S.K.: 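I am attaching a structure below and will ask some questions about it afterwards.
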Amino acid sequence: MGKEEYIETGVGAVPTGLPGGFFIYEAEGDEKILFADSNVINLFGCETFDEFMEFVGGTFKGLVHPEDLYKIENQIQAQTVFGEKRHDYVRYRILTKQGEVRYIEDFGHLLHWMNGKSFFYVFIVDVDQNEYLNNARNSYAEAEVLAADRETDKLTGLFNMSFFYHKVQMLLNSAEISRQESAFIHFDIPNFKLYNERHGFKMGDELLCDLARIIKDVFYSGTVARFSDDHFVVYINDNKDSVIENVEEVYKRMLLADDVNKKVRVKAGIYILDDQRAEVGLACDHARLACNSIKNRHDLNYCIYDDILRDKLRRQQYVIDHIDEAIALDFIKVFYQPIIRVATGQVCGMEALVRWVDPSVGMLSPLDFIETLEHFHLIHLVDEFMVKKVCQDMRMLMDEGLPVVPVSVNISRLDFDVCDVLKLLDDFCEIYEIPRNLIEVEITESAFNDNTGLIKHEVAKIRNAGYEVWVDDFGSGYSSLNTIAEYEFDVLKLDLIFLRSYNNPQTRKLMSYIIKGASDLGIKPLCEGVETEEHYQFLKSINCERAQGYYFGKPMLLDGTLENIADKGMTFEGYGE
C-alpha cells in the first residue's frame, strides 16, 4: 500500500496506506464508477484517479476479476435488488495494474435518489493484507463462509433453484414484463455421471463452471440458475428466434472448448411462456420435459415444448396412470399375425402382438405405450400378461380340437432386469399345460448389445429348457453380424426395412447373403414386411424359410386371424393335409 499519512479533503482527513477503501458506482447500465478514494486507487497499483479509471475501464465490472464477475453479480443482486436487505457482502479477486491477484471483501449498500436512480456505496478490504494485523481469525477463511449466501450455488455462483423461483415470479408479476415475450430454457449434459466416472469429479466441476459461464455470457440479459447436478435453467425476455439462436450458441461454444475432454454436446429444452400468470415451477418443468424428450436423439440439440410434445406427454402420463387398470380389465389385447412357410405357403406359426383397446381413448398402438413402459421400467407387466393370454388362447384351441401352431411372444430386454423370464414362461406353460416347443421367444436385436453377459446367459437357459429364441428386428438399427456368431438362437428375423427397399438391387443382394449365411449356420431365416406377391416370390427364390406381412394377413384378434386364414384358403402346417 501507499505511504501512511492523512490526506485533507476539505471536508475531513482520509488515512492512507490502509488495505481497504471506499468507492461509489451507478447501480444501472454500465455501472460507472463515480468516486474512489486514494486507498482504492493504490489497492489497484495506480497513482491517480484517472489512471485507476483507465485501468478498470471506468466501471465496476472492470474492477472485478473476470472469472469472478458473474458469480458476485448474482450474489449482489440477490442480496440487494431482490432481497429483504439493501446491503451486500461478497468476496472476489481483483487484478492490480502490475498483474498481482488480490482477494477482496466487499461491503456494499444500495441507495436511491427520489427520481429512482440508484447507486452502490462500497467499502472494500484486501483480505490478505489485513490478515497480518487482525487478531481475530476471520479474515481469509471466514470471509469465504460469510460470502456464501443462501441465494447462490456454491460451485458456479449462479442463483440456486429456490431463489430463481422467487426472483422470476417477481419479474413475471411486474407490469413491464407482462408485455414482453418470455422463455424458459433447461440445459442438461447427457450422461454427466459417466463423464465424472471417466474424468474425475474435479474436471466434472470445471466443466459445470465452464458451462455456467457460457450460459451466463450468452444469456447476459437473462436470469440464470443451477438447479442441481448438471441442470441449468434460464429465464429471459426475448423472442423465440433469438432464444433458439442463443441456445445454439451455447451448444457451439461447448463443442469448441480448447480442452478436448471438455467438448460435450449439451441438450436444451425451451418453453415459450404462453401465460404470464403461469407458475414458475410448472414452466421450468415444461422446459425440462422438452429437454428430456431428446436425450437419446443424436440429431437434435434442443426441443421446444409445444402442443405436439404436450399431447405426447399427456399420453405418456395416461399410460403410466392406467396400465394396471388396463391389464386388470383386459384392455390389453393379443393380436395375432400368421407366419408362413415360404416353400409350402402353409401357416407354420403366429406372432402375438400387443394392442391396447381403451374404452375412454380408443385404440392405442404400441408406439403410444411400449416406449413409455420401457422408459419407466414397467414393460414386464405387459409382457407377463401377454405370455399368460397366449397360453390361455392355445389351451382353448387345443381343448376345442382346432389347429395349433407355435406362437412367438416378444420379450423386452428390460424384462431380464426385473424378473426371471424362464420361470415366467415355465409357470404359464405348466398352468395351462402348453408344450414348451409351442412358445417361441422374440428378443429385439439391440438387446444383444449387452456387455454384462446377462442376456447371453439367460438366452442359453431359455433355449436349453426347450423354447426357441428368435432375434427380432435384425437390420433395423446398428446391426452386427457378430450377433449371429456370438449368440445361440434359432430364428433370425429380418426387419421389414429390407423389403421397403426392395427396388434397390443392392438390398436384394444383401438379403440373399444374410439369408444364406444364416441358413449355413443352422439358423432359420424369417423376413417380415411381405406386402406383395413379388415379395413372396423373391423370398422363395433366395430360399428364405419363413415370411410374415400384410400380404398374408394383418394383426387381428384370434378369431379374426383364424377367419382370415380360412378365407384365403391357407392351411395350418401339420393339419388338413
Side-chain angles (χ1 to χ4, degrees), residues 296 316-336 349-356 364-395 406-474 477 483 486-491 493:
N296 298 320
Q316 286 183 345
Q317 194 60 51
Y318 186 88
V319 168
I320 299 305
D321 292 343
H322 294 84
I323 182 58
D324 290 331
E325 175 189 37
I327 290 174
L329 299 179
D330 282 348
F331 298 159
I332 302 296
K333 306 291 185 182
V334 181
F335 279 39
Y336 293 89
M350 291 191 289
E351 180 181 7
L353 298 162
V354 63
R355 297 292 186 270
W356 185 335
L364 278 74
S365 75
L367 293 176
D368 290 327
F369 64 90
I370 293 294
E371 182 180 346
T372 299
L373 293 174
E374 287 187 332
H375 179 75
F376 289 95
H377 293 266
L378 295 172
I379 190 63
H380 65 284
L381 299 176
V382 169
D383 290 347
E384 180 178 350
F385 180 80
M386 289 290 289
V387 173
K388 174 184 176 181
K389 295 299 289 183
V390 166
C391 288
Q392 287 178 341
D393 285 345
M394 295 184 79
R395 181 73 265 159
V407 175
S408 64
V409 292
N410 290 274
I411 297 295
S412 170
R413 182 258 177 272
L414 297 174
D415 292 346
F416 293 98
D417 293 333
V418 296
C419 62
D420 186 333
V421 175
L422 176 58
K423 185 176 186 304
L424 183 156
L425 296 167
D426 277 350
D427 284 350
F428 288 120
C429 283
E430 182 178 344
I431 291 170
Y432 296 101
E433 298 180 353
I434 305 299
R436 290 174 173 172
N437 65 340
L438 290 181
I439 298 294
E440 297 165 333
V441 179
E442 291 196 42
I443 304 173
T444 303
E445 188 208 357
S446 59
F448 292 94
N449 297 325
D450 168 60
N451 56 13
T452 66
L454 171 66
I455 301 296
K456 189 171 187 177
H457 176 70
E458 293 299 314
V459 165
K461 282 171 52 179
I462 292 170
R463 289 187 77 247
N464 291 337
Y467 300 96
E468 278 201 355
V469 174
W470 298 13
V471 174
D472 191 18
D473 296 337
F474 184 82
T483 301
E486 288 293 319
Y487 287 82
E488 293 185 1
F489 52 90
D490 303 283
V491 174
K493 191 171 186 180

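Just so it is clear, the model here is predicted, and its values are computed rather than measured.
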S.K.: What's the verdict on side chain to side chain contact (heavy atoms under 4.5 Å, CB included) for Arg413 and Thr444, showing C-alpha distance, side-chain angles and the deciding distance?
M.R.: CA-CA 7 Å; Arg413 182 258 177 272; Thr444 303; over 6 Å; no

S.K.: Is any side-chain heavy atom of Tyr467 closer than 4.5 Å to a side-chain heavy atom of Leu422?
M.R.: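 Tyr467 reaches Leu422 side chain to side chain.
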
S.K.: Quick check: does any side chain N or O of Asp490 sit under 3.5 Å from a backbone N or O of Trp470, one acting as donor and the other as acceptor?
M.R.: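 Side chain of Asp490 to backbone of Trp470: no pair is present.
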
S.K.: Under the criterion side chain to side chain contact (heavy atoms under 4.5 Å, CB included), I'd like the reasoning laid out for Asp426 against Glu430: C-alpha separation, chi angles, the key distance, then a yes or no.
M.R.: CA-CA 6 Å; Asp426 277 350; Glu430 182 178 344; 5.8 Å; no

S.K.: Please name the pair of heavy atoms, one in Met386 and one in Val334, separated by the smallest distance, quoted to 0.1 Å.
M.R.: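 Smallest heavy-atom distance, with atoms named: SD-CG2, 3.6 Å.
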
S.K.: Minimum heavy-atom separation for Val491 to Phe489, with atom names?
M.R.: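 Heavy atoms of Val491 and Phe489 come nearest at O-CD1, 3.5 Å.
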
S.K.: So, for Arg395 and Ile434, which heavy atoms are closest and what is the spacing to 0.1 Å?
M.R.: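 Taking every non-hydrogen atom into account, N-CD1, 3.8 Å.
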
S.K.: Which heavy atom of Pro366 sits nearest to which heavy atom of Arg355, and what is that distance?
M.R.: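 Closest heavy-atom pair between Pro366 and Arg355: CG-NH1, 3.3 Å.
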
S.K.: Say you draw a straight line from SG of Cys391 to CG of Leu438; how long is it, rounded to the nearest 0.5 Å?
M.R.: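 Reported to 0.5 Å precision, the distance equals 9.5 Å.
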
S.K.: Show the nearest heavy-atom pair for residues Ala352 and Asn410, with the distance to one decimal.
M.R.: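 Answer, listing the atom of Ala352 first, then Asn410: O-ND2, 3.5 Å.
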
S.K.: Nearest 0.5 angstrom please: Ile370 CD1 to Leu378 CG, how far?
M.R.: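 Answer rounded to 0.5 Å: 11.5 Å.
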
S.K.: Please answer whether the main-chain N or O of Val421 pairs with a side-chain N or O of Asp415 as donor and acceptor at a distance below 3.5 Å.
M.R.: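 Flag not set: sc Asp415 to bb Val421 has no pair under 3.5 Å.
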
S.K.: How many angstroms lie between atom CD1 of Ile443 and atom CD1 of Ile462, to the nearest 0.5 angstrom?
M.R.: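 Answer for the CD1-CD1 pair, Ile443 versus Ile462, is 5.5 Å.
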
S.K.: Does the distance from a Lys or Arg side-chain N to an Asp or Glu carboxylate O, for Glu440 and Lys493, drop under 4.0 Å?
M.R.: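 Between Lys493 and Glu440 there is no salt bridge, as every charged N stays at least 4.0 Å from the carboxylate O atoms.
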
S.K.: Calculate, to the nearest 0.5 Å, the distance between atoms CG and SG belonging to Leu381 and Cys419 respectively.
M.R.: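 Leu381 atom CG to Cys419 atom SG measures 9.0 Å (nearest 0.5 Å).
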
S.K.: Salt bridge or not for Lys388 and Asp427, using N-O below 4.0 Å?
M.R.: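 Asp427 and Lys388: not salt-bridged.
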
S.K.: Looking only at the side chains, is there a donor atom on one of Tyr432 and Asp393 sitting less than 3.5 Å from an acceptor on the other?
M.R.: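 Short answer, no.
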
S.K.: Test Phe428 against Glu384 for side chain to side chain contact (heavy atoms under 4.5 Å, CB included), laying out the working first.
M.R.: CA-CA 9 Å; Phe428 288 120; Glu384 180 178 350; 3.9 Å; yes

S.K.: Give a yes or no answer on whether the side chain of Arg436 reaches the backbone of Cys429 with a donor-acceptor pair at less than 3.5 Å.
M.R.: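 The answer is no, because no donor-acceptor pair under 3.5 Å joins these two groups.
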
S.K.: Using 30° and 60° as the class boundaries, would you call the ring planes of Trp356 and Phe369 parallel, tilted or perpendicular?
M.R.: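 Plane angle over 60°, so perpendicular.
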
S.K.: How close do Val469 and Arg463 get, heavy atom to heavy atom, and via which atoms?
M.R.: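 So the two residues come closest at CG2-CG, 3.4 Å.
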
S.K.: Pick one: which of Ile323, Leu414, Ile320 meets side-chain contact (heavy atoms from CB on, under 4.5 Å) with Phe376?
M.R.: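 When Ile323, Leu414, Ile320 are each tested with Phe376, the side-chain contact (heavy atoms from CB on, under 4.5 Å) holds only for Ile320.
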
S.K.: Just wondering, more than 12 heavy atoms not from His322 lying within 6.0 Å of its NE2?
M.R.: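 For His322, atom NE2 is crowded (more than 12 foreign heavy atoms under 6.0 Å).
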
S.K.: Kindly compute the distance separating CD1 (Ile379) from CD1 (Ile411), expressed to the nearest 0.5 Å.
M.R.: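 That separation rounds to 9.5 Å.
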
S.K.: If we check side-chain contact (heavy atoms from CB on, under 4.5 Å) with Val387, which of these qualifies: Val382, Val407, Val409?
M.R.: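 Only match with Val387 under side-chain contact (heavy atoms from CB on, under 4.5 Å): Val409.
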
